Amino acid sequence: MAYATTAGHGEHDEHHPTGWRRWIYSTNHKDIGTMYIILSLVAALIGGVMSWMIRLELAEPGIQFFDNTQFYNVLVTAHGFLMVFFVVMPAMIGGFGNWFVPLMIGAPDMAFPRMNNISFWLTAAGLTLLVSSAFVGEGPGTGWTVYPPLSSIAYHPGAAVDFGILALHLAGAGSILGAINLIVTIFNMRAPGMTFHRMPLFVWAIMVTAFLLLLALPVLAGALTMLLTDRNFGTSFYVVAGGGDPLLWQHLFWFFGHPEVYIIILPAFGIISQIISTFSKKPVFGYLGMAYAMCAIGFVGFIVWAHHMYTSGIGTNARAYFTVATMIIAVPTGIKIFSWLATMWGGSIELKAPMLFALGFLWLFVIGGVTGVVLANASIDFVMHDTYYVVAHFHYVMAIAAIFAMFGAYYYWIGKMSGRQYSERLAQIQFWVFFIGVNVLFFPQHFLGLNGMPRRIPDYPDAFAGWNMVSSVGAAITMAGTLMFYYIIWHTFRYGKVAEANPWGEGATTLEWTVPSPAPFHTHEELPVIGASDHGHGPVHGGLKPAE
Amino acid sequence: MSDKVGSDKAGRVKAGRTKNRLGAAALFAVVGGMVGLSFASVPLYRAFCQATGYGGTPRTENVVAPTAVADRRVIVQFDANVNPDLPWRFKPAQRQVDIRLGEETLIHYTAVNLSDRPLTGTATFNIAPDAAAQYFSKIQCFCFTEQTLAPRQEVSMPVLFYVDPAIADDVDARDITKITLSYTFYRTDGDDKNSAKSAGVAARNARGGNG
């Protein structure tokens, strides 16, 4: 089961490149993870500024700033792409996944260190292409769903959409390679005794996510290629005049797009499980149920895609099926929510910043989940479709919930990654500012949506003015909380206290806490041996030590 | 196992690498398979629609003459549309017909080329409501064949069809009393399959390459 096979590292213990070569040529999972996190921090700032521009425009009725409304469309599109493909995915999978999967399973590095490097640089190239697409011609104003005919050459004649397509191709290829790397690492490189049923839930989450990436992203790549040839080489996959069908795009896009939202939230599930267990000083309640609930969510995620297409003219029977299948997702997610609550129940809870963010995650995820059950009903969705109710729903359940998991993960692991501990007081203030900000920002959007305010429009009737202003004030508070996070990063590196190997005490039982802080360039070169009582997720014990 | 780690490290590393590469090869095959499936979905979706009438696809393949005529009647309405890039006038010769189920019916559309040059068009077609589509059998039609009209030429385009009496037994379709057959003509001149696209390319070129 366990092989310490890392090309370039296992054999060259002294190998430790410095300067720019350490980063550009990096084959080290920790350095590549760090680069992913930095990329995500940069993209988050760009995507965040775009969302604040959107809220600035929407603060009052009428057109304030965007006389060129296509530019507003471009902002909406780029905000979605950036946040999904270049903030959440790089940070969760490329960043924390790279850093902590090998550490948690007792592997010295990823299975394919050089492929790991190309994964990152493909993602970085994709980010560059995507940002530059906004400056090409009129920019891509298609929304992140890129529906034809709006995205066809007739309505987006410039090269901007082609730039966007290629950006997603590159980022997708990077993610596929990363997924293959993670799966092979988790399957082949676990330390002796680290069976599948002893793996920490974060590793389980990343594994399920990697399989979703592997199955979903190639479909997006195929659909995008068809769009590219439709636009440039005269094919008619989506062109009705040539015998094609725009509905084909919607089916292919959402066959990718729905698993994509689980790709975003499953790593968050893993992170939240680690944090809640650590700060409740208890093993996760119902470990196996938690692990297989994620598998179930991953599976069901592939057979519910058309609930995004209720109003696209799919048949009544299809709507009935997709309504039922969608509601079934509430069962495994319910298992997870109640298991987290049961983990905390009777625990010795410490409300450190990571735990606050985990609790915030639960709050956001449950609210977003409840509105999701509402939207799952095809007949109700006919009223809600493309309104701000949907915007509020997916920002709660997926976007902001994922961001909370990322903040939690950052505070949880920054000591291990940097060797310096964050300021608890600043982090707690940041939590409350951010938590209040996002709720003031997104909760009123439910009311706006219920009253019929459409998405993706820069203007609205005066009747919607009140809650829009509240929402924009919330955006300002959120902005303060976000900028404070960047300040805390700087503060941690400048003034942070030196972190211990395990700053969290008895609750932190996974293998990453057995190596020093900051984690050395090479770890687990001597494979740790995990005994039957040493569940990585498992009960509090003192027996988890690296093998001599 | 940890004692052995030092002793036969090279062999272990080699075995591990082979295993890793096999794993990666299998996963790459999965990726290739999914890309293949996404393209295969095009003919699969088409076959599915033709077999089930999904998405309002009427039956045009292997249609045989009706075997029985029922007493129940149904109204069939006709709709005609032309893409603005095609300067044709295109309309049904009759708004609607009131027919019995299983009754073979011949109707006509007429098309006129309003321009001074020959133009070629292709029509897409659809049935509404969707549930009736699989019972709408076209024996003969101008379904998706290219039609070229000389300048000012007027032609009559016949459609021979019947509505399958089996519609009366389908719980989802038996309440349908009106069926609409709709055609839309697009221009298919030259090697440019799609006029909307050529207009877009022209617009792009006019703006100097990148819009």
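Quantities reported herein were computed from a predicted structural model and do not represent experimental measurements. Per chain, numbering begins at 1; letters A, B, ... match sequence-line order.
- Remark: A/Leu182 CG to B/Leu27 CG distance equals 11.0 Å, nearest 0.5 Å.
- Neither the backbone nor the side chain of A/Asn181 comes within contact range of chain B; no heavy atom of the residue lies under 4.5 Å from a heavy atom of that chain.
- Summarising the geometry of A/Leu248 relative to B/Ser41, their closest heavy-atom pair is CD1-OG, 3.9 Å, with the distance given to 0.1 Å.
- Here the closest heavy-atom approach between residue A/Pro218 and residue B/Val35 is recorded as CB-CG2, 3.5 Å.
- For A/Phe256, no part lies near chain B; criterion is any non-hydrogen pair under 4.5 Å.
- At a 4.5 Å heavy-atom cutoff, the contact between A/Ala318 and chain B is made by side-chain atoms alone.
- Neither the backbone nor the side chain of A/Leu217 comes within contact range of chain B; no heavy atom of the residue lies under 4.5 Å from a heavy atom of that chain.
- Proximity to chain B (any heavy atom under 4.5 Å) is restricted, for A/Leu247, to the side chain, taken from C-beta onward.
- Between the CG atom in B/Leu37 and the CZ atom in A/Phe255 there is a gap of 8.0 Å [rounded to 0.5 Å].
- With a threshold of 4.5 angstrom between heavy atoms, A/Ile176 approaches chain B through side-chain atoms but not through N, CA, C or O.
- Summarising the geometry, atom CG belonging to A/Asn317 is positioned 5.0 Å from atom CG belonging to B/Asp172; distances are rounded to the nearest 0.5 Å.
- Remark: B/Arg73 CZ is packed, more than 12 non-hydrogen atoms of other residues, nucleotides or ligands lying under 6.0 Å away.
- When each of A/Val219, A/Leu214, A/Leu252 is checked for heavy-atom pairs under 4.5 Å with chain B, A/Leu214 comes out on top.
- In terms of heavy-atom pairs under 4.5 Å with chain A, the best-connected choice from B/Phe185, B/Phe28, B/Phe39 is B/Phe39.
- Counting all heavy atoms, side chain and backbone alike, A/Ala111 lies closest to B/Asn20 at CB-ND2, 3.6 Å.
- The 12-atom threshold is exceeded at CZ of B/Arg72, counting heavy atoms of other residues, nucleotides or ligands nearer than 6.0 Å.
- When all heavy atoms of B/Thr124 and A/Val240 are compared, the pair lying nearest together is CG2-O, 3.4 Å.
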